[in-house]
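Everything numeric here is computed off the predicted structure, so don't read it as measured data. Order of appearance sets the numbers: ligands from 1, and atoms from 1 within every ligand.
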Amino acid sequence: MSTKRKKIDTERIEKAVQEILLAVGEDINREGLLQTPQRVARMYTELLGGMNENPELHAKSIFTENYSEIVLLRDIPFYSVCEHHMMPFIGSAHIAYIPSGTILGVSKLARIVDCFARRLQIQERLTCQIADFLMEKINPEGVSVVLEASHSCMTIRGIKKAGSVMVTSALRGVFMDDPKSRSEVLSLMHKK
Ligand code: ZN
């Protein structure tokens, strides 16, 4: 992945939205549509804001701590945009790791999810990016990331399966290698 980050060109989005409105036969001077191109441009700037954000910023609150059991943050809500249809997919992330001398400020886990989610994504890649980033930055014994999400590109269009939830997981380190650790973390993640 390229590390070069381009700023989002809102003017270009506005022009493109005008084109879509014209293409569907709308009157772009109709009152309700006058500000629509600007609104949509602002919306994309927000939804895709992670593209201009460096996740490293959220990996600075690292503390030395002799805790070597599971740290789990469950039910982190996230919103992302499917790159195949440019439609939202929405769900929860569950992240666990076993520290190896260093822990990360807990709110940073949620910020890291946001940073990678607010991009054009597919859920599989998002899951792995979060797991690999944590492995690299806090060098833990293991990382487990599970995402559950509903994809609007398949709930309101295409096959129209409302209520379907896609689950992806990325296991690294001890969670990958040791079946006991894996079953422990997965059962903690699914406890309600
Ligand atoms: Zn899609």
Side chains of Q123 and T168: do they bring a donor and an acceptor to under 3.5 Å? yes
Donor + acceptor pair across side chains of R42, T45 (<3.5 Å): no
Just wondering, is there an N, O or S atom on H84 that's nearer than 2.8 Å to the Zn ion (ligand 1)? no
Compute the angle centred on the Zn ion (ligand 1) spanning SG of C153 and SG of C82, and express it rounded to 10 degrees. 130°
Would you mind naming the N, O or S atom of H85 nearest to the Zn ion (ligand 1)? ND1
Are the side chains of F133 and I112 in touch, meaning some heavy atoms are under 4.5 Å apart? yes
Run the numbers on E56 and K137 for salt bridge (charged side-chain N to carboxylate O under 4.0 Å, His left out), then give the verdict. CA-CA 8 Å; E56 309 274 335; K137 292 302 156 192; 3.0 Å; yes
